Amino acid sequence: MSSAKGIPRKLLQLTVVTTLLVYGCGEQPVTYPARRMPAGLMQDVAQLQAGQKLFRSKCASCHGKPSEGRSERAAFFNPPAPDFTGAHYRETDPAYLYWRIEVGKTVEPYRSQGSVMPAWGVHFSEEKIWQIVAYLQVRAH
Ligand code: HEC
């Protein structure tokens, strides 16, 4: 069965309970809800294109490459808006990315740090947030 290929890796990405992980500069441990990315999303070209479209219209101004119209302020936000081409985003837990997109600056420790990251959970369906997460992970290199 050729479809068995890649399954162990997917299983590793499934977070069974709320996970305690250290991200970014390795300073702040954060907790977030366990979630599973819908199966096959990262191989679904139409879904990835939908994610790319959302990223370009809603996120690139702060998170994009300069060619995508990255805001002059992106690097000066404190904390700065990360560039998702960083290779580690391929390995980042999708549940973490989902959570950050959903809640943005509204939770600790980001709120106290003065983050300007908007909370998109009120604007986007679950499907759209997953499309963006999949796009970000495919995009990273
Ligand atoms: C106004 C600028 C701005 C916009 C627009 C914006 N972000 Fe952010 N985002 C930030 C900043 C600044 C941070 C860093 C501070 C933080 O983590 O809260 C951040 C952090 C994040 C993180 C956490 C990254 C990490 O390594 O921990 C994710 C994921 C993210 N943004 C996704 C998105 C997505 C997806 C969109 C579009 C739907 C978006 N952002 C739109 C400013 C922005």
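Bear in mind the structure is a predicted one, so any value in this text is a computation, not a measurement. Positions are given from 1, in the same order as the sequence printed here.
The side chain to side chain donor-acceptor pair (under 3.5 Å) search around Thr106 returns none, not counting sequence neighbours.
Looking at heavy atoms from C-beta onward, Phe77 lies out of side-chain contact with Ser115 at the 4.5 angstrom threshold. At least one side-chain heavy atom of Tyr32 sits under 4.5 Å from a side-chain heavy atom of Asp93. Contact of the Gln47 side chain with the Glu127 side chain is registered, since non-hydrogen atoms from C-beta on lie closer than 4.5 Å. In this structure, the side chains of Tyr135 and Ile132 stay at 4.5 Å or more apart for every pair of heavy atoms. The shortest distance between side-chain heavy atoms of Gln131 and Leu48 does not fall below 4.5 Å.
In this structure, Arg70 contributes its side chain and Gly64 its backbone to a donor-acceptor pair below 3.5 Å. Side-chain atoms of Ser112 do not come within 3.5 Å of backbone N or O of Glu108 as any donor-acceptor pair. With hydrogens and angles ignored, the 3.5 Å screen pairs no side-chain donor or acceptor of His63 with any backbone N or O of Asp83. A distance-only check finds a donor-acceptor pair linking the side chain of Glu68 to the backbone of Lys65 [under 3.5 Å].
Atoms CD and CD, on Glu91 and Gln137 in that order, are 8.5 Å from each other to the nearest 0.5 Å. The SG atom of Cys62 lies 6.0 Å from the CZ atom of Arg73; values are rounded to the nearest 0.5 Å.
Taking both residues in full, the closest heavy atoms of Ala95 and Pro33 are given as CB-O, 3.9 Å, listed atom of the first, atom of the second, then distance. The shortest heavy-atom contact between Pro79 and Gly114 is CD-C, 4.2 Å. Val30 and Pro109 get closest at one heavy-atom pair: CG1-CD, 3.7 Å. Ala140 and Ala87 get closest at one heavy-atom pair: CB-O, 4.3 Å.
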Under 3.5 Å, which donor-acceptor pairs do the side chains of residues 50-58 form with other protein atoms, sequence neighbours left out?
unit_1, atom_1, unit_2, atom_2, d
Ser57, OG, Lys53, O, 3.2
Ser57, OG, Leu54, O, 3.3

Output a table of donor-acceptor pairs, distance under 3.5 Å, between side-chain atoms of residues 97-104 and any protein atom two or more places apart or on a different chain; print 'none' if there are none.
unit_1, atom_1, unit_2, atom_2, d
Arg100, NH2, Gly104, O, 3.2
Glu102, OE1, Arg35, NH2, 3.0

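Tyr89 is connected to Trp120 through a chain of hydrophobic side-chain contacts under 4.5 Å among Ile, Leu, Val, Met, Phe, Trp and Tyr, so both are in one cluster.
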